[in-house]
Amino acid sequence: MLEIIRSIPPGSVLTYGQVAALADTPRAARQVGRILYFYGESVPWQRVINHYGGLSTYKVGSGERQRVLLEEEGLSFRADGTIDLKRYQWRPSLKIIKKLGLPEEIAFQINLKLT
DNA sequence: ATCTTGACTTGCC
DNA sequence: CGGCAAGCCAAGA
């Protein structure tokens, strides 16, 4: 799980649900959030957002911080405070998939979802 | 052991 | 994607 999060390249993002799915625990989206909260700065937590492309961190006070960090990585926010998932969502390369042993079925779906 | 809480999602209007 | 109910599951009380 942590491996996956740490593998998200700068400038890209994943949703909580996707991280959970890639970790082979499809219904653990909420737990992903707790883990990020727990590990804090030791992981690129700013690259994990909700499935609307919006930030879920305003609930714990880190909203502004996250937004700034992402903007520094080159992402741009829409007027409503969300980002374009179709454009910034990470598509794991085959190499990474192999390397981390990600479930290919899920990885494939993620790539396909950007229709 | 039971109940509540959430950095969440999905399904159904 | 707006609103809302229902799932989900680990942690804390």
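A, B, ... follow the sequence lines: proteins, then strands. Residue 1 opens every chain.
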J.: In residues 15-22 of chain A, which residues come under 4.0 Å of DNA chain B by heavy atom?
T.: A/T15, A/Y16, A/G17
J.: On a heavy-atom basis, which atom in A/A107 and which in A/I97 lie closest, and how many Å separate them?
T.: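 In terms of heavy atoms, the two residues are closest at CB-CD1, 3.5 Å.
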J.: Identify all pairs in which a protein N or O lies below 3.5 Å from an N or O of nucleotides 10-13 of chain C, and state each distance.
T.:
unit_1, atom_1, unit_2, atom_2, d
C/dA10, O4', A/R34, NH2, 2.9

J.: Relative to A/Y16, does A/R30 satisfy both conditions: NZ or CZ under 6.0 angstrom from the six-membered ring centre, and within 45 degrees of the ring's axis?
T.: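 Output no; distance or angle outside limits.
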J.: Check whether any side-chain N or O of A/H51 sits under 4.0 Å from OP1 or OP2 of B/dT10, and answer yes or no.
T.: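 Indeed, a polar side-chain atom of A/H51 lies that close.
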J.: Under 4.0 Å from any atom of DNA chain B, heavy atoms only: list the residues of residues 58-67 of chain A that qualify, in numerical order.
T.: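 When residues 58-67 of chain A is checked for heavy atoms under 4.0 Å from DNA chain B, the hits, listed by number, are A/K59, A/V60.
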J.: Specify the separation, in whole Å, of atom CD1 of A/I83 and atom P of C/dC1.
T.: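 Spelled out: CD1 on A/I83 to P on C/dC1 is 12 Å.
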J.: Hey, are A/R65 and A/E71 close enough for a salt bridge, meaning a charged N less than 4.0 Å from a carboxylate O?
T.: no
J.: Atom CD1 of A/I110 to atom P of B/dT9: distance rounded to whole Å?
T.: 12 Å
J.: Return yes if the base of B/dC8 and the side-chain atoms of A/R30 contain a donor-acceptor N/O pair under 3.5 Å, otherwise no.
T.: yes
J.: Just do the side-chain contact (heavy atoms from CB on, under 4.5 Å) check on A/L85 and A/I49 with the steps written out, would you?
T.: CA-CA 10 Å; A/L85 273 181; A/I49 62 184; 3.9 Å; yes
J.: We want to know whether A/Y52 and A/T15 form a side-chain donor-acceptor pair, criterion being a heavy-atom distance below 3.5 angstrom.
T.: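 Not at all, the side chains of A/Y52 and A/T15 share no donor-acceptor pair under 3.5 Å.
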